[in-house]
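Reading through the structure tokens given below for one structure.
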Amino acid sequence: MIEALRELARRLLAEERVRVVIGYGQSSPQGPVHPLFITRAEDAEQLVWNRQCFSNLTAYLTRKDVRALGPAAVVVKGCDERTITVLEKEAQLERERVFVVGMVCEGMGDPGLPKCQVCDRHRPRLADETLGEAVDREVPALERYAALEAFLARPAEQRMAYWQEELARCVKCYACRQVCPLCYCERCIVDKNRPAVIDTSATLKGNFAWHITRAFHLAGRCVACGECARVCPVGIDLTLLNQSLARAAEEAYGFRAGEDPRVEPLVGSWSPQDREDFIR
Amino acid sequence: MSQNNGFDPKIIAYVCNWCTYLGADLAGTNRLEYPASVRIIRLPCTGRIDFHLIVKAFESGADAVLVSGCHPGDCHYTAGNFHARRRWTLFRALLDVLGIEMDRIHFTWISAAEGRKWQEVVTEITEKTKALGPYRAYRRICEGGA
Amino acid sequence: MSHAIRKEALRALVGSWLAEGKRVAGPVAVGPGRVLYQPLVSPERLLLDGFIRTVNSIKAFVFPRHEELYAYRFRGRQVELIDAPLPEEEQIVIGARPCDAAALPVLDHVFRWGTPDRSYERRRELTTVVTLACREYDDHCFCTSLDSGPRDERGSDVLLVEIDEETYEVVWLTSKGKDLFVRHTERADRKGTIGTGPKRKFDAAALERFLAENFESPVWETFALRCLGCGACAYDCPTCHCFDIVDEGDRHGGMRVRNWDSCQFALFTLHASGHNPRTAQAQRIRQRIYHKFRIYPDKFGDTLCTGCGNCSRGCPVHLGIRPVLEAISALERKPQSAPPKTP
Amino acid sequence: MTAPPVSADPATAPNLYLPDLMEVLEVQQHTADTKSVRLRFRNEIAAKRFSFRVGQFGIFSAFGSGEATFNICSSSTWKDYIEFCFRRTGMVTDALWEVDKDDTIGFRGPYGNGYPMEKWRRKHLIFLGGGIAMPPIRCAIWYALEHRDEYGEITIIYGARSTKDLVFADDLARWAQYDGVQVIRCVDPGGETPDWDGEVGFVPEVLKRADVRSDNSVALVVGPPIMIKLTMPLLTRMGLVDRDIYTSLESRMKCGVGKCGRCNCGPVYLCKEGPVFTLEQLKALPNDY
């Protein structure tokens, strides 16, 4: 697979179909895997593919400096691929300017990340070229939201106490925002000050307001790549917040973000039949 | 109501300009009494009631929040309330996982003709909030510091 | 002859500090493989072994991420200012690494030059640092490349050096440190030993040469695409000290507060006029390196970096300072195309 | 490595971030988005203690919105008040825009190096300003005029985009009344009105065609980067050496005292070692401002 990937990258660059290949690299065989930008065919051998390729590289597709390089190829896993669908739907990228290299993935990390254990997208479906062989299995929603379910089984006071303890550690480094492929706003609302809606202080108050905002601005958009939680320096499990929204979307509207390119974005569309059992 | 010790809850009502605001107004002109604990904030449409406003209300010391607008199909801007309905469905799920007390957030449709419904809803929410007491958990968040 | 304390006795001592009502913080496991300084409620969760260093840094104890500078109240057209109370509580930080403690004298220069910063001074006075000399290192450690090492004493009040698996040698470096330990140690005839530290990763002299001439250099572009522009490196760094000052309040009044900030954020230098001297991430990466290895050294004769490697450890894309410095080092080692200079 | 500095006693050291309260004496609107404010210390002790050099800046507070940095645009010879001028362009200036007589503004400072007015004595002075950059020149002009006999001839060239964008227009008229003072006002082509009696053209062009005394002279150039870039070489051609050409740089600042890490340009902290630099110093700075 790795040779096929390098070969494909070489070909795409040599034939000038793309100007940059966004893939994974590793500074030493034991070292951590990091995003890598290949602009010359002869450098394609630096690309790697293994169980440490955590990053969702689609985050780079909307960046000005990356776009300035020209058409890009991006290496994606099945989970990351959904972001491309969302970005396209939100008019953030021209699909024909991006060559999507799909990697069949058996899960990242060892043991696999929680998201990988309930993954039903081992094989990218919309890639321009897909490397590797694997069969997806259906994973019932119940299983996908098991962690959330377990958390929601706790009483509300305990949930509140949990978040107070967790969010107290947040220093507002905004790694969660910067790593998110769907946080592409030129100026984040938390950085706006006319008026200032969210306290920029990393107090409990400011942190609650920030994390409510971050999660909710991804409602019906988050594809559960889990990067926000993975990169959090202080280990706050933000996937619980994202999942609560994802599950509500799936339950109420049968909607999964990035799943079906034909479906309109969830927030921004509506139906007269939408349920409203909580509205008096 | 001895257990409430005269607790006077602060309830923020975000209402749309075209239906609920007029409904509340009608309640007033018809001399329908309702508790003074509700502070009405008028917005053009429920579609404009950003979730930040709900967070801000709790940050500012609200014990409960009411969001109210036109009945589905009656929106002055055709679909503002339909958009809002989806957002609230999702937003409630987020608040729930955070452990926000869901009994303190209320959504209703109240038309310009429903002065009586306004009276009922506000009275009921006030009673309910009185029973719950002040929203101490969110105050603690706001006073928690770093 | 030296002073020693058994690890179990040390834990009991921490327990007695807590029992006396002292504020104590130390390394605690937060989730798998993640160790952070946390306030201790009991000595059990305190980690003394099995971690390289904490994700967060010691600076938070002297320069908190959020701090009230003063409060303001509106009184008609007048404003009343209420000065923030000075911190009063003593605090003990136990389990610091030498690369963390060494950041304190580095920060001193910044907060003391010109106009001294009162609350920093006060917190510095109130803080006692008990440091654990290092026996283990990871790929990110580079203290030895900056003339520091696993038992650097700068900034510590007490240094604990392992004698064996059960015992630490206690080296008190200040009277504050001595007071904490003096009646709780045993005499020992052995001294603690440690290794030589992580292997050198780059040549500091070469770096200095490079920075003298390469403000404009393609090297700054090398990692710019990869960098996400978050503040994890700066916030995990023990020496990064940039801050923002903002007002938070309502129509009755509020607080003027100081919050951590980072030169890696795109808006850090944005003028209200719209002009931004550093529009590209490459410029921001360059700023961080220059500040640490040239600007600060020019002013204070020290380095604004202790080689702890936390910036890389916490980086979502495994950047931080070390990879940049290694790249520079590699450039400097390459034979120059220009004729060699006469010695 | 140098020894760590000695600590101050926090018990007696003042809170350096705590501003003095000032009363708004007068607000003057200059253009659609520019105002200047005259301030007096509310506290008499603070007022007595206060002094500054022209060219220094202050950090002004609109409580509830925050602080912003402005040049003190009044002369240091005026004892009872100070003035600053701002363009409405952000959160703090939005709040300052609403300020009226008797309102309260916070002030910390003065900060920065200021102009070497002593060094400029017995020289001819050339002041070149553009747009909102008038205030940092105005303080030096007034200072020189208040010490008229200590300075030689004075040339002032001030340009704005249009006649509507001239700030301190009254001052320009008053300066022209002084002996040995030449005031040239100019607006960008297209910015003139039928009754405009000044020049039309950009500051560098106007400087080129003006009759400006350049022997034994110093120049102070403040304005947008493009104006500075085009004006500096002209001054050099006129015979001024780099040491005699001055400018005042702008930067985003928070603390004003070299701690917050925001305003450095290469090795130089604009808040402490600036904002005033000679062209000679400027040439040594990296392109980081």
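Taking CZ of Arg169(A) as the start and CG of Asn56(C) as the end, the distance is 9.5 Å to the nearest 0.5 Å. The OH atom of Tyr174(A) sits 16.0 Å away from atom CD of Gln264(C), with the distance rounded to the nearest 0.5 Å. With rounding to the nearest 0.5 angstrom, the CH2 atom of Trp260(C) is 13.5 Å from the NZ atom of Lys172(A). Taken to the nearest 0.5 Å, the OG1 atom of Thr200(A) stands 10.0 Å off from the CG atom of Asp247(C).
When each of Ala196(A), Ala175(A), Cys173(A) is checked for heavy-atom pairs under 4.5 Å with chain C, Cys173(A) comes out on top. Comparing Ala59(A), Gly206(A), Ala202(A), Cys176(A) by how many heavy-atom pairs each has under 4.5 Å with chain C, the most go to Ala202(A). Per-residue heavy-atom pair counts under 4.5 Å with chain A were compared for Arg34(C), Gln38(C), Arg226(C), and the maximum is reached by Arg226(C). Most heavy-atom pairs under 4.5 Å with chain C, from the set Asp191(A), Val66(A), Val171(A), Val20(A): that is Val171(A). In terms of heavy-atom pairs under 4.5 Å with chain A, the best-connected choice from Gly31(C), Pro32(C), Ala232(C) is Ala232(C). Chain A forms the most heavy-atom pairs under 4.5 Å with one residue out of Gly229(C), Gly314(C), Ala224(C), and that residue is Gly229(C). Chosen from Glu227(A), Arg187(A), Arg177(A), Lys64(A), the residue pairing most often with chain C at heavy-atom distances under 4.5 Å is Arg187(A).
The environment of CZ in Arg45(C) is sparse: at most 12 heavy-atom neighbours from other residues, nucleotides or ligands sit within 6.0 Å. In the displayed structure, Arg51(A) atom CZ is contacted under 6.0 Å by more than 12 heavy atoms of other residues, nucleotides or ligands. Dense packing is recorded around CD of Gln117(A), with more than 12 heavy atoms of other residues, nucleotides or ligands lying under 6.0 Å away. Within 6.0 Å of CD in Glu186(A) there are 12 or fewer heavy atoms belonging to other residues, nucleotides or ligands.
Side-chain contact between Glu248(C) and Ser201(A) is present, with at least one heavy-atom pair separated by less than 4.5 Å. Between Leu69(A) and Leu225(C), the closest side-chain pair of non-hydrogen atoms falls below 4.5 Å.
Here the shortest heavy-atom pairing between Pro233(A) and Leu36(C) reads O-CD1, 4.4 Å. Shortest non-hydrogen contact noted between Gln178(A) and Leu228(C) is NE2-O, 2.8 Å.
Residue contact with chain C, scored on non-hydrogen atoms closer than 4.5 Å, is absent for Cys228(A). Heavy-atom distances place no part of Leu57(A) under 4.5 Å from chain C, backbone and side chain included. Contact annotation for Tyr60(A): only side-chain heavy atoms (C-beta onward) come within less than 4.5 Å of a heavy atom of chain C. With a 4.5 angstrom heavy-atom cutoff, Ala168(A) touches chain C only via backbone atoms. Interface residue Val234(A): backbone and side-chain heavy atoms are both found under 4.5 Å from chain C. Heavy-atom distances place both the backbone and the side chain of Val317(C) under 4.5 Å from chain A.
Counted by atom type alone, Thr203(A) and His66(C) present zero donor-acceptor pairs between their side chains at under 3.5 Å.
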